[in-house]
Amino acid sequence: MTSLPTYSTRQADGFAELLLAWYDRHARDLPWRVPPAKVAAGLRQDPYLVWLSEIMLQQTTVSAVRPYFRTFVEKWPTVGDLAAAPVDDVMKAWAGLGYYSRARNLKKCAEMVVSQHGGRFPDTEAGLRTLPGIGPYTAAAISAIAFDRPSAVVDGNVERVVTRYRAIATPLPEAKPEIGAFVASTVPHSRPGDFAQAMMDLGATICTPKRPACVLCPLRDGCRALKAGDPEFYPVKAAKKEKPKRVGAAFVAVRRDGAVLLRKRPEKGLLGGMAEVPGTDWTARIDGATGAEAAPFRANWRPKGSIYHVFTHFELELSVFIAYVDTAPPSGHWWSSRATIHSEALPTVMKKVIEAAIEGATQKPRRRPE
DNA sequence: TACGCGTGGGT
DNA sequence: TACCCAAGCGT
């Protein structure tokens, strides 16, 4: 059992004050945020909007989230609206944002808030942690931002800011407890929500992964990494694994009126519950079936080149085939018309496939290292 | 604990 | 180009 360093008030002295003063001048303007001046006037963000934005922002950039957040708030202005929505509608609205289990848990969570909490989010970290999709980070963020509690909010930005400020050379994720201890010792009992958001804004705009703008940083005087001359050295991370390559084939069946044949992927696992065109399994290159002979049914399949897509843990090359057929959909499949295809729950990789088949100037073979 | 889980943008 | 990265969670 290793003991964490205890941070005296003096070690973190001034940290929160300097950071908050900076935030008062430089807070980003974000649609899900109440600006510091309004927080000072007593305004709090709707916990539903804080939760929705935090789920969307998990491992996802602000620019990617903006349009989705707007759409969701328009479609489902309250947690009750979302709880009452068909899950397929939620998946369709989430399509393209990635990490689709977030969308399923979002829906489950909304239902639980309504059925078990009277339509109000729990206002403590422990209570929030009982809900699906809410982990340590998100529970702390909601409790601080929506409920004004002094939770230690630690995300990737905070990890970077703190490992630099304290010159913590322990690699992540091993360093997380030490980072958490520092944040817990530093978070102010006044303005904890602003403090959390200030840390994240600092990490996103000043204390960036590459070429941090230390000259503009409100914490530069106390930053040990800057003093040592190489802030970019931090945070130290464990080595990454190599991404395996997989291959497969995808078959775009098109009806005379332009409708495309779709089916639904299994609820669990990769792209769980999302729509796809029929295709082979995605296997290691060795014995992958990637030709027209692997088609799910007989038709005049014509090759339309291939598409390339990178997932978190593997690279995928799909050979694309197209055929014009006019039959009843096989069981479990459906025809999606030109009008509905754009609102299906199609992940980006499948949009690439359909694009290649239909718009398809055959994609120029991409050169990749073997 | 380590892995499975998307996507798009930056350098 | 080939990485790296982004407000993590569930198992």
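Order of the sequence lines fixes the chain letters, A, B, ..., with proteins taken first and strands second; residue numbering starts at 1 for each chain. This one's a predicted model, so the numbers in the text were calculated from it and none came from an experiment.
- Phosphate contact (OP1/OP2 of C/dA6, side-chain N/O of A/Gln59, threshold under 4.0 Å): absent.
- Between A/His309 and A/Phe311, the ring centre distance stays below 6.0 Å.
- The pair A/Glu267-A/Arg104 counts as a salt bridge, with a side-chain nitrogen and a carboxylate oxygen less than 4.0 angstrom apart.
- Applying the 4.0 Å criterion to OP1 and OP2 of B/dC5, one finds that A/Lys268 has every side-chain N and O outside that range.
- No contact: A/Gly272 has no heavy atom under 4.0 Å from any strand.
- Backbone-only contact: A/Thr138 has heavy atoms under 4.0 Å from sugar-phosphate atoms and none from a base.
- Residues A/Leu97 and A/Ser63 each lie close to DNA chain B; by heavy-atom proximity, the contact nearer the 5' end of the strand is made by A/Leu97.
- Salt-bridge check for A/Arg129 with A/Glu125: failed, with every basic side-chain N at 4.0 Å or more from each acidic carboxylate O.
- By the 4.0 Å N-to-carboxylate-O rule, A/Glu276 lies close enough to A/Arg263 to be salt-bridged with it.
- Between the side chain of A/Ser101 and the base of C/dG10, no donor-acceptor pair of N or O atoms lies under 3.5 Å.
- Nucleic acid contact for A/Leu106: none, since no nucleic acid atom lies under 4.0 Å from a heavy atom of the residue.
- Note on A/Thr348: a side-chain N or O is less than 4.0 Å away from OP1 or OP2 of B/dT7.
- Base contact: A/Arg28 has a heavy atom under 4.0 Å from a base atom.
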